[in-house]
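A quick write-up on the structure given underneath.
Each chain gets a letter, A, B and so on, in the order its sequence line appears, and its residues count up from 1.
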Amino acid sequence: MLDVRVVRERPDWVRERLASRHGGDERFIDDLLELDRRRRALIAESEGLQAERKRASKEIGALMGQKRFEEAETRKQAVRELGDRIESMQRELKEVEARFEELMSRLPNLPHESVPVGADADGNVVVREWGERRQFDFEPRPHTELCERLGLVDFARGAKLAGSGFLLYTGWGARLERALIQFLLDLHVREHGYTEVSPPFVVGRHCMFGVGQFPKFEDQAYAVQEGLDAETLGRLYLIPTAEAPVANIHREEILAEADLPIRYVAYSPCFRAEAGAAGVGTRGMIRVHQFDKVELIKVVHPDHGYEELESMVADAERVLQRLGLPYRTVLLCTGDMGFAAAKTYDIEVWAPGQGQFLEVSSCSNCEDFQARRMALRFKSAVDGKNRFPHVLNGSGTALARLYVALLENCQQADGRIVIPEPLRPYLGAEVIGP
RNA sequence: GGAGGGGUGGCAGAGUGGUCGAAUGCGGCGGUCUUGAAAACCGUUAGGGCGCAAGCCCUCGGGGGUUCGAAUCCCUCCCCCUCCGCCA
């Protein structure tokens, strides 16, 4: 959620910033400002009347105390009419406020000044590349083929169970997935100082709203229903990312400044309906309805939001460095960023079997956009005022695509997979294959 | 799922229709005293909104209602606790 005051004070600037994203949203600014004016006028007026009623009611109480009942009755009649006016005014205020909130909640965050302006992914900027792409003396196979040959993932039976886009890992395939999760969690906990949490894999809609998933992207979520009770449909949602529960941990709290920074790491499966994306890269494990992810979340002082973003990206990159997987880090342009983000870096790992880079991490500073939506504040040690912290999220990293890259990069001519050194203790093997 | 009890400020805990945004205690912060600390004493300490400001309004789990007036009465939803049933 944007700060209304900023919209009020610098509407042209806000319009320009919004237009630099995907565009279109800037046209709501005039409506928004009009609703804001109307809203404040109604508040001022109805509060004046409320003050009057409050005073009069106290007087009535005093008259009753003095047993001057007739005078009290006369006053009551007048105050009753006042009450009616207040009520109708507040009904109108409520409507105006609902429309105002609706508009506010659908406006995306404003891009940070350091974000390149661009319409789509073509405007993104590669900020660094790491690692040498391996030279193969044979044709590197795609992960799908490797998985099938080695019996790591049973795509057909996964689809049989839950439909296409759901994976059944088997044998060493399942063990490798588990080893990766463990490796990632340990890396971030032991070496990067994050606190491990294990959240619910479903959240209420208030949490989805808090991180900016709702209301705009409700069509992308899996809604849960309890048994046969249709009333309960939509009370809970399968999480699309651990960001949904973890970023909301301290919602509606006022933290002490000394509590900051807070750094959490969490493993969770992620569920994405991917409505409208049917047929787009649906083969294999690159785009699926359920995948595992280790997520990083930070809640930090606004003065340090951007240094914390840089260190978060470094933490995520370390994953690929340790595994020896070549990658590049991309600064997203205004047109390619997510709804809540003010600045985002994507990390893309090289997948030789695909002949392309795969996005395995997306690290964003959402500034106070989410904190506003979830009423997350901290008390400033300087002036005692309550302020909104910056909330950051980053994948550290997504598993399915990391898995793809690992298999494709580490494959041998005979089809075996040589496991990267740091992962061996977790897997309990150096090589997968016959 | 059934029966009962309960949600008040950072915490504990009063308040059952009026001057109550809320006693008191603890904790926190500031001060006095002290070489320093403790103790004692004094003061201070919820959130949100509107307003240039003075100030005003709202909030006692959420929403709705009764009333001139609601923390207090009614309805409803949510959450927590105890017991029973079922169950990983």
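- Put simply, CD on A:E81 is 13 Å from P on B:G69, counting in whole angstrom units.
- For the C1' atom pair drawn from B:A71 and B:G62, the interatomic distance equals 15 Å after rounding to whole Å.
- Judged by closest nucleotide on RNA chain B, A:K379 is the one of A:R8 and A:K379 placed further toward the 5' end.
- With both ends at atom C1', the span from B:U76 to B:G10 equals 31 Å, rounded to whole Å.
- Remark: A:R373 qualifies as a cation-pi partner of A:F209 under the 6.0 Å distance and 45° angle criteria applied to the six-membered ring.
- With P as the reference atom, B:C41 and B:C79 are 45 Å apart, rounded to whole Å.
- When distances are taken from the side chain of A:A51 to each of B:C68, B:C57, B:G47, the shortest belongs to B:C57.
- Remark: C1' of B:G55 and CD1 of A:I43 are 16 Å apart, rounded to the nearest angstrom.
- No donor-acceptor contact under 3.5 angstrom links the side chains of A:Y237 and A:Q220, judged on distance only.
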- Taking Watson-Crick and G-U wobble contacts under 3.5 angstrom, with | marking pairs to another strand and [ ] crossing pairs, the secondary structure of RNA chain B is written ((((((((.[[[..)..(.....]]]((((((.......))))))(((((....))))).[[[[[..)....]]]]])))))))....
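- In this structure, A:N124 contributes its side chain and A:L332 its backbone to no donor-acceptor pair below 3.5 Å.
- Nucleotide B:A46 holds its P atom 19 Å from the CZ atom of A:F378, rounded to whole Å.
- Among B:C68, B:G63, B:U19, the nucleotide with an atom closest to any side-chain atom of A:A62 is B:U19.
- Separation of the C1' atoms belonging to B:U72 and B:G7 is 15 Å when rounded to the nearest angstrom.
- Here the separation of B:G51 from B:G17, taken at their C1' atoms, is 32 Å to the nearest Å.
- Contact of the A:E253 side chain with the A:R377 side chain is not registered, since no non-hydrogen atoms from C-beta on lie closer than 4.5 Å.
- Between B:C58 and A:K54, a contact under 4.0 Å exists linking OP1 or OP2 to a side-chain N or O.
- Nearest to the side chain of A:E47, among B:G47, B:C57, B:C68, sits B:C57.
- Per the geometry, CZ belonging to A:R55 stands 12 Å off C1' belonging to B:C57, to the nearest Å.
- One can place CZ of A:R53 at 17 Å from P of B:G18, the figure rounded to the nearest angstrom.
- A:I254 comes within 4.0 angstrom of sugar-phosphate atoms only, judged by non-hydrogen atoms across all strands, and of no base.
- For the pair A:R39 and A:K94, nearest-nucleotide mapping onto RNA chain B gives the more 5' position to A:R39.
- Taking atom P in both B:G43 and B:A23, the straight-line distance is 14 Å, to the nearest Å.
- B:U35 and B:G48 have their P atoms separated by 43 Å, given to the nearest Å.
- Of the candidate nucleotides B:G49, B:G48, B:C56, B:G48 has the atom nearest to the side chain of A:R377.
- With rounding to whole Å, A:E9 atom CD is found 11 Å from B:C52 atom P.
- Listed candidates were B:G18, B:U19, B:G51. Nearest to the side chain of A:K58 is B:U19.
- Looking at heavy-atom distances under 4.0 Å, A:A56 makes no contact with the nucleic acid at all.
- In this structure, A:E257 contributes its side chain and A:A381 its backbone to a donor-acceptor pair below 3.5 Å.
- No side-chain donor from either of A:K293 and A:S268 sits under 3.5 Å from a side-chain acceptor of the other.
- Taking atom P in both B:C80 and B:U8, the straight-line distance is 14 Å, to the nearest Å.
- Using a 4.0 Å heavy-atom cutoff across all strands shown, A:I60 reaches at least one base atom of the nucleic acid.
- Nucleotide B:G49 holds its C1' atom 14 Å from the CG atom of A:N386, rounded to whole Å.
- A donor-acceptor pair shorter than 3.5 Å can be found between the side chains of A:Q370 and A:E243.
- Between A:Q50 and the phosphate of B:C58, there is a side-chain N or O to OP1/OP2 separation shorter than 4.0 Å.
- Contact check, A:R80 against B:U67: no side-chain N or O comes under 4.0 Å of OP1 or OP2.
- A:E408 contributes a side-chain N or O that, together with a main-chain N or O of A:H143, makes up a donor-acceptor pair within less than 3.5 Å.
- As judged by a 4.0 angstrom heavy-atom cut-off over every strand, A:R75 is placed among residues making no nucleic acid contact.
- In this structure, CZ of A:R235 is placed 10 Å from P of B:C77, rounded to the nearest angstrom.
- The backbone N or O of A:Y264 lies less than 3.5 Å from no partner atom in the side chain of A:T195, so there is not a single donor-acceptor pair.
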